[in-house]
Amino acid sequence: MGILLFITVLLIAACGLIYELIAGTLASYLLGDSVLQFSTIIGCYLFAMGIGSALSRYIDRGLAYRFVWIELMLGVIGGCSSALLFLAFAYTQGFQLLMYSLVVVIGILVGLEVPLLMRLVRGRYHFRDVVAHVLTFDYLGALGASLLFPILLVPYLGLVRSAMLFGVINVLVALWSTFLFASQISTVRALRSLCVVVLCLLAVGLAEAKHITAAVEDNIYADEIIFSRDTRYQHIVLTRFKDDIRLFLSSHLQFSSRDEYRYHEALIHPGLSAIPAPRHVLVLGGGDGLAVREILKYPQIESVTLVDLDPEMTKLFSTNPMLTALNQKSFLSSKVHIINADAFPWVDSNTDSFDFIVIDFPDPTNYSLGKLYTTAFYKAVARHLSVQGLMVVQSTSPMFARDSYWCIAETLKQAGLQTFPYHVYVPSFGEWGFVIAGHRDFQLPASLPAGLRFVSVTGLPAMFQFPPDMSPLPMPPNRLNDQVLVRAYDQDWKDISH
Amino acid sequence: MKASRRQFLQSGSAALIGLSIKGDRAITGSFVNDSFQLGHHLRDRAQFPAPKQTDKRSVVIVGGGIAGLSAAWRLHKKGFTDFVLLEMNNQPGGNSRWGENEITPYPWAAHYVPVPGPKAVYVRELFEELGVLKDGHWEERYLCFSPQERLFLYGRWQDGIEPAIGLTAADRDQFRRLEDHIHTFRATGKFTVPMEVGFSDSTADLDRISFAEWLRAQGMNSRILNWYLNYCCRDDYGATTANTSAWAGIQYFASREPEEKGPLTWPEGNGWIVRRLMERIGYFVQPNRMVHRISQTNKGASVFSGDTEFRADFVIFAAPTFLAPYLIEGMAPLQNFDYSPWLTANLTLDRLPASYGTDPTWDSVFMDSPTLGYVDATHQSLRTHIDRTVWTFYWALAEGSPKENRQLLLTKDWNYWKEAILHDLERVHTDIRQCVSRIDIMRMGHAMARPNVGAIFSAERRTLTKPHGRILFANSDLSGFSIFEEAQYRGVTAADFVVSKLGGHRISR
Ligand SMILES: Cc1cc2nc3c(=O)[nH]c(=O)nc-3n(C[C@H](O)[C@H](O)[C@H](O)COP(=O)(O)OP(=O)(O)OC[C@H]3O[C@@H](n4cnc5c(N)ncnc54)[C@H](O)[C@@H]3O)c2cc1C
């Protein structure tokens, strides 16, 4: 009898802690900032337990009956807490409110458990022993739960099913208590049937939890993969989370539809608006058509030539309705000519001249891509600039890859060009940098196309100012025979991740 | 991430297909550009037809390697047009020949030129003309791209070929001491490219011992250092340090101090230079013209090729010098000209090995391999995406006597060499057999001059650098070792000599 009683204590302690850990983990997953989430949740939870303990003194009749009810409620609320929170996050705005409410309710119920239990067994043991044993098993339960949670529950069951499982345990404790304290309860039969019904419901929930998890998780932190293909050149992945579409090329993020307008407006307009009468534009890279979308905002432009290596990429962004909605069917414009070719040889053999040249390649993560960031390449590109022409280069982050950014600027300089470096903030990338370059001086444009969401005439000057933590560093140029950029880039990101 | 049913089925069938092609694929190929037979013909003094026609020229150049082509380039630049170049092969270039397939051009032998120093004035002149050197800057796209070289040792790759990992303090100390020695030698100004510029009798002692002996005398016994130096000698001279004169070993290091990160290289190797030269003087080049006899009087010389007798005032003999006694009437046999046998192979890779290991490099070398590794012909491509390529595999048969190795080259069949090459590569690139579709092999019995002990300072060599009546020798082997700069220097100076003698007459012809 005694040992069974104390195992009950151990189990309810474990259940209580598990619900708290689930809330903390979920909040960290979904909202980020795990320190804040765990601290506030533990605080609320402990405080609510205190309320529960205080409230326990107002219960003076039907202790056993009420204890069973508390267990049942905990089983239902705690067991469903994880699923409820996921659903609330995916489909409502009230995630945090629901979360703290759940934490408080569960905390109060857990706070009631132990005082009631102690009073229930008061007559059977010495008070001294009761306190010692109950607290010992309470803490043991907490230890077990905190070890089980990260090692077994999260990896093997996931958050939704872990909660359900411990809900089932709470209800089993309820059922078990109707036997343990049978003599103190008048409506034992009714109570037992209720327990069995709730148990069945939770068991169904446990079995079906997989579906909830899949539905909910797809919608939440594992973005749904809507496209994935290995082309001859790269691995293209598109993900969607709500209205956010993201493109990954060989697992590097290229854009997030939520803030790409910042990147592409900043890439195009400061340079293009500064050219008096632009007619012919060249885009190197940029197979997503987003830069072209911005370029087409200038009605006087007669032709846009886009050179991208991967035909599958340009095809995807010409045909997929979700993506053409994003690039406003820019590839379908009769002004746009798509050429699928390797950029350097193309630039080398072509002889056309352009008023504006956009160079938007993946970051120089390897020596092959690094060739597209060399003095030799920029010299070859600069031969295509018309008299009024300017070019703009996506140049990595002056914040996270400061060496790399200034190395690219220096490379353009050594290619014989005047350079005008600038930067913007793009939430999904962080601080991002570009360099405008040309054979001539560059003046900030006095007007911009209508309807821009980010770049504005008044905001332009600030983009060309670099605060001390991003200010120029002396770097050697990147050359084909000495690709310092690839090594610098590698080092920059290593420094960040340590 | 959810894998759709379709994706699952696709990957399933891919795995099935993968299984069926996993086995080794058929590798085709053959021996190419074999000149053994022609060479043997000459030396056996086989019967050649009597001349049916004569052709009179001021100058006849024999051999269209870098030396012969450079002589032609120089004559042409000096306003000479009354000359002809006779080349035995159907393609000019000699050791700087190249090939081409649907993937890329590739070299057959010589594949780079170290960034020339200030004393290589003719090389710099040529490179200025070809746009390789512009306003004092070396054109970036002709400099070897990053990353240049790598060495496989201790089961992994390191940057560069000079061993840098796993060195003991003693190894480091010896590397440093060697560098100090080299520094001192360099400072004397007596080790230069071309070698003739700084050549001095005061360094003759170094030609009396082998490089290996010299290293021993300096107490340089580090195994790693000796491996590296042996590699260098095999690479440049086709000989081990024990078979290389200490003078030549030191020349390799002390003659250069590049002003730019090089070397200069092109997809087709030095074949690129041959092509540019041919654009300029191709008109004067007659391929498929093997010279089988040369006779001279004190007024001029006759060069016999096929059924034609070319009568010339001067002959620039740019074919390998060891052939001269077989061709030139009355010439005594040579004692001091020795040559290293080599084998090169071009491997067509339909895909890159999964075991490639690093970002693609130009030159890959395996430590402790008898071969010299391979050079990637697409490395100098401007493309960012490369999924097929050609590797040129280099193997100087340096161990043992050249004679025996030549015999080995002649007697073993293509399959033997193919297996030997794949076996060497397989130790590092385990899946190489699944990547290679073709291996063409070129055997060169007398590939390059070998600077044996005593060869550099031999009276014989030094005499041959002077005019031999109406015949000027010009092959790179006159320097005692064969490199591009020496070939070009010999060709240009032979042409200059001829011009100085004929200067006044050239218009009258
Ligand atoms: C495998 C290998 C790799 C090398 N790599 C390099 C390198 O990377 N860098 C470098 O600087 N050097 C390299 N070399 C050295 C190379 O030999 C020189 O660079 C240079 O090409 C030598 O030119 P050459 O004109 O002196 O001699 P060759 O190239 O030998 O030219 C002689 C020519 O004469 C022709 N000939 C021979 N007999 C007759 C005849 N009877 N009638 C008519 N024509 C005849 C031959 O067909 C040939 O074309 C390499 C050599 C080899 C073998």
Side-chain angles (χ1 to χ4, degrees), chain A residues 214-215 217-218 222-234 237 239 284-285 308-310 340-349 361-362 364-380 411 414-416 476-487 490, chain B residues 1-4 6-8 10-11 14 104 112-115 131-132 134-135 137-150 157 159-160 258-267 350-352 356-363 376 378-389:
Chain A
E217 289 188 356
D218 260 1
D223 298 358
E224 191 186 352
I225 309 270
I226 53 180
F227 183 90
S228 164
R229 180 171 295 164
D230 269 318
T231 74
R232 193 177 151 199
Y233 305 103
Q234 58 200 344
V237 170
T239 67
L284 302 172
D308 191 286
L309 183 61
D310 195 348
N340 293 118
D342 213 322
F344 204 151
W346 185 88
V347 164
D348 228 29
S349 56
F361 293 127
T365 46
N366 60 49
Y367 288 97
S368 295
L369 285 169
K371 292 181 201 170
L372 301 175
Y373 291 83
T374 53
T375 38
F377 181 69
Y378 294 140
K379 278 184 197 165
T411 307
Q414 300 268 340
N478 188 46
R479 294 157 52 83
L480 283 171
N481 64 322
D482 197 2
Q483 286 202 30
V484 289
L485 177 63
V486 174
R487 292 190 290 276
D490 199 43
Chain B
M1 178 166 121
K2 285 185 301 185
S4 73
R6 196 162 54 108
Q7 278 172 326
F8 175 75
Q10 275 170 357
S11 59
T104 175
Y112 71 95
V113 178
V115 174
V132 178
K134 279 184 219 157
D135 314 320
H137 295 290
W138 297 97
E139 169 58 46
E140 206 174 319
R141 60 183 68 197
Y142 303 140
L143 292 165
C144 183
F145 297 172
S146 293
Q148 281 84 1
E149 300 165 330
R150 59 178 187 163
W157 291 102
D159 273 352
E259 57 196 30
E260 173 64 274
K261 189 163 182 178
L264 293 160
T265 186
W266 302 265
D350 283 341
R351 58 190 168 98
L352 304 184
Y356 189 79
T358 63
D359 267 10
T361 57
W362 174 63
D363 194 4
D376 188 336
T378 56
H379 189 75
Q380 288 301 101
S381 162
L382 297 173
R383 285 179 290 150
T384 50
H385 185 84
I386 287 158
D387 46 16
R388 301 189 300 162
T389 193

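Chain A is the first sequence line, chain B the second, and so forth, proteins listed ahead of strands; every chain is numbered from 1.
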Checking [X] side chain against [Y] main chain: does a donor-acceptor pair fall under 3.5 Å?
{"X": "B:D359", "Y": "A:N366", "answer": "no"}
{"X": "A:K371", "Y": "B:T384", "answer": "no"}
{"X": "A:Q483", "Y": "B:P147", "answer": "no"}

Honestly, the part of A:D230 sitting under 4.5 Å from a heavy atom of chain B is neither
Heavy-atom pairs under 4.5 Å with chain B - which of [options] has more of them than the others?
{"options": "A:Y233, A:F344, A:Y367", "value": "A:Y367"}
{"options": "A:T375, A:L372, A:L369", "value": "A:T375"}
{"options": "A:P345, A:A343, A:A341", "value": "A:P345"}

To the nearest 0.5 angstrom, please state how far the [atom1] atom of [X] sits from the [atom2] atom of [Y].
{"X": "B:I386", "Y": "A:D342", "atom1": "CD1", "atom2": "CG", "value": "8.0 Å"}
{"X": "A:D482", "Y": "B:L143", "atom1": "CG", "atom2": "CG", "value": "10.0 Å"}
{"X": "B:S146", "Y": "A:L485", "atom1": "OG", "atom2": "CG", "value": "10.5 Å"}

Honestly, the part of B:H137 sitting under 4.5 Å from a heavy atom of chain A is neither
Taken in chain and number order and not counting sequence neighbours, the residues that satisfy salt bridge (Lys or Arg N to Asp or Glu O under 4.0 Å) with B:D159 are none
Sequence neighbours excluded, the answer for salt bridge (Lys or Arg N to Asp or Glu O under 4.0 Å) partners of A:D348 is A:R383, B:R141
Here the pair of heavy atoms bringing B:E260 nearest to A:N481 is OE1-ND2, 3.2 Å
Note: vs chain A, highest number of non-hydrogen pairs under 4.5 angstrom among B:Q148, B:H385, B:K261 is B:H385
